[in-house]
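Here the structure is laid out as structure tokens; the discussion comes afterwards.
Letters A, B, ... mirror the listed sequences (proteins, then strands); counts begin at 1. We use all heavy atoms of the structure for the numbers below, so side chains are in, but hydrogens, waters and symmetry mates are not.
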Number of protein chains: 10
Amino acid sequence: MLYMVHMQVNLPTDMDPAEAARIKAEEKAYSQSLQRDGRWAHIWRVVGEYANVSIFDVASNDELHDLLSALPLFPYMDIKVTPLARHPSAI
Amino acid sequence: MLYMVHMQVNLPTDMDPAEAARIKAEEKAYSQSLQRDGRWAHIWRVVGEYANVSIFDVASNDELHDLLSALPLFPYMDIKVTPLARHPSAI
Amino acid sequence: MLYMVHMQVNLPTDMDPAEAARIKAEEKAYSQSLQRDGRWAHIWRVVGEYANVSIFDVASNDELHDLLSALPLFPYMDIKVTPLARHPSAI
Amino acid sequence: MLYMVHMQVNLPTDMDPAEAARIKAEEKAYSQSLQRDGRWAHIWRVVGEYANVSIFDVASNDELHDLLSALPLFPYMDIKVTPLARHPSAI
Amino acid sequence: MLYMVHMQVNLPTDMDPAEAARIKAEEKAYSQSLQRDGRWAHIWRVVGEYANVSIFDVASNDELHDLLSALPLFPYMDIKVTPLARHPSAI
Amino acid sequence: MLYMVHMQVNLPTDMDPAEAARIKAEEKAYSQSLQRDGRWAHIWRVVGEYANVSIFDVASNDELHDLLSALPLFPYMDIKVTPLARHPSAI
Amino acid sequence: MLYMVHMQVNLPTDMDPAEAARIKAEEKAYSQSLQRDGRWAHIWRVVGEYANVSIFDVASNDELHDLLSALPLFPYMDIKVTPLARHPSAI
Amino acid sequence: MLYMVHMQVNLPTDMDPAEAARIKAEEKAYSQSLQRDGRWAHIWRVVGEYANVSIFDVASNDELHDLLSALPLFPYMDIKVTPLARHPSAI
Amino acid sequence: MLYMVHMQVNLPTDMDPAEAARIKAEEKAYSQSLQRDGRWAHIWRVVGEYANVSIFDVASNDELHDLLSALPLFPYMDIKVTPLARHPSAI
Amino acid sequence: MLYMVHMQVNLPTDMDPAEAARIKAEEKAYSQSLQRDGRWAHIWRVVGEYANVSIFDVASNDELHDLLSALPLFPYMDIKVTPLARHPSAI
């Protein structure tokens, strides 16, 4: 089941750089782990913004919330979820 | 080069049903032709709306505009384009 | 799996009253059928508006879109879907 | 008498974790107490957000405001209240 | 129980003047009837707009919706309802 | 001459509680003084929010601004003023 | 007493040109009459829009509403009124 | 003196195609005439929209309004004007 | 050449009062100097807000930007500029 | 390939002035370097705002993101990118 997820990151500009680097590294590892198991199907950078557009493929709303709320950057992000369905014109 | 495109369709509620059916059939054929040649990489229905989220893979801004403005439903749609870049965490 | 759905109805003010009555009757029958089988779990009127807030309990995003796009009033409605998850404080 | 209440939580990212944990525990206990006496009829998590959609069943506007303004997280939340009425299609 | 109600009127500019005059006369009579029985506690014109700000004093959300949806101008209005509570500084 | 005034209070969550209590007490005394002399005609709490809807009855725009800008909570509030006129349907 | 008034004109694009010309001529005469008696203190065109920004100098909210609602173009305009006060830095 | 101008075209979908073609041809000739004399310095299509972003180089606000309000498509466009100044980093 | 300028002041609530007083005094002197030479043609307070609506009369976009960006309160303000033209109904 | 980029700068008002001066100097050098090689085709100041409107001419979405995310002021800016295409009326 597919969802489009828009994530905007708002790190405080006065955050300790080492702490920021640590969280971003954790985020990257976490994201890649979910990409490898197929649940984070796509991730693209929005040009010019510290934001991404992603496609998730999960079994339920609850699974999606569990994945998103465990993001290391979750406390610093604005997330919007759009549930997707198969399009009748899709081949 | 990737773009997210959000298309919302606003057909007049008093449109002649045969005319509407004709335009939708043309739209479907046009969309599937672009899907087959790889430029319309993904199309998903937004749940509960007469709208879709699509990913286009084209060579330039101009090519994307040419494709979108030739959509049979173009005069009836609100379209928003978001240019995408490779995400550093993408595998 | 639960979703909150907000539906706002925008019937043209010059619609033929008999046609409007027919569509509303079909909408009511359709809604009550889905309420009886448990998929349209709640429906409430938003005070002062021709709008409702509903809770749907369905198996997938696709099933929800199929139900919503088959609403007799669908061509006259603005619909927004919010996917819901179990809240950790829910008893 | 029913109300839909949308609560978005905005805890400062630099809040003391122990203080945050204490407030959240109080919030959970408070919420569950109101759920048990029937006034907080439903609470659902909005997928991907630190927010909930709730249904309250109370005797008056004043009672609802008293309950909401006593939430331990009240100083950290944006709350929007939508009064609900019985829908003519509800079974 | 008090509610602030904001009503904006959007009569079609090509409406038959006699029909418009008839609906407005019905609206005025209906409004004055509710003002006399105390449920439409205040009505003020918003300066420069075909809109009003009103205070209703009714027993329930359902009663308010019944009153508002029976307004002769209801099909031509955008209505927003804000539930009110006693303010701790009110004398 | 009447005005609707919407005041939203945004006290910093890390404000010294004694200082906050002092300002709120001053605000209450100031508000009640204006209520007693008839210029702050009504004040209602917006349910679920740290906000109020008020009606002021003053001689001029300048008088209203003088009253509002002297509010002890003025530096912490977003205020929107809507000038009101007599409604032709008012009894 | 001063007010800033923003008026946006939305004439239907299919309006009879003679009827449009007649209303605009009436609007111009009405506006110039109020400018001459000093109550319509300023009128400026917003560059690129069929809109104006005006300053009115009237005795009360009611007088302003009477003037604005009598505009020949009133049924075709969106009007927003901002009450103004003397600025402490004004010379 | 430079201005950025955003123009969005909203032709009625039921406009007579010959009439639409005539207005568009006039618009194109008018635009190219102003481009040739240097006052319409740039015009770009917004990808996916019936809209353009333009740069005008004119002597005054009044001249810009005269040029824009004489556009053959003016009655069908939403126009927003942003005045520009020399940037201190421009070479 | 005329421009409407809307300035909203957002001083931090924890700013040192002496520093705030110093900046405001500089702002007042600067504003009055520009009012005296005719370039800051009007300044009015928006009722209930720490904001003003002003009319500037300057020779160019560049001159306006130079004046505004030199405001002592510039780092603390949100400013929106609307270019104005002569209105055809102005007397 | 052209893009319009709107950049709004939000430097914290309590930033160390020397640090702010250093970042701005780096930004200016970086911008001028890109202007000289032709990729930052235009940069204009938005009158009255700490913002600019720019035109970039780059080979791809990825190249644009690389340029923008390397801006010294990137952590302090809100950036919006609009892809542009050749306009059929452009000469």
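Summarising the geometry, atom CD1 belonging to A/Ile43 is positioned 10.5 Å from atom CZ belonging to B/Arg86; distances are rounded to the nearest 0.5 Å.
Of all residues in residues 46-66 of chain B, those placing a non-hydrogen atom less than 4.5 angstrom from a non-hydrogen atom of chain A are B/Val46, B/Val47, B/Asn52, B/Val53, B/Ile55.
Side-chain contact between A/Ser89 and B/Glu27 is absent, with no heavy atoms from C-beta onward closer than 4.5 Å.
Looking only at heavy-atom pairs under 4.5 Å with chain B, the residue among A/His42, A/Gln32, A/Arg36, A/Met4 that has the most is A/Gln32.
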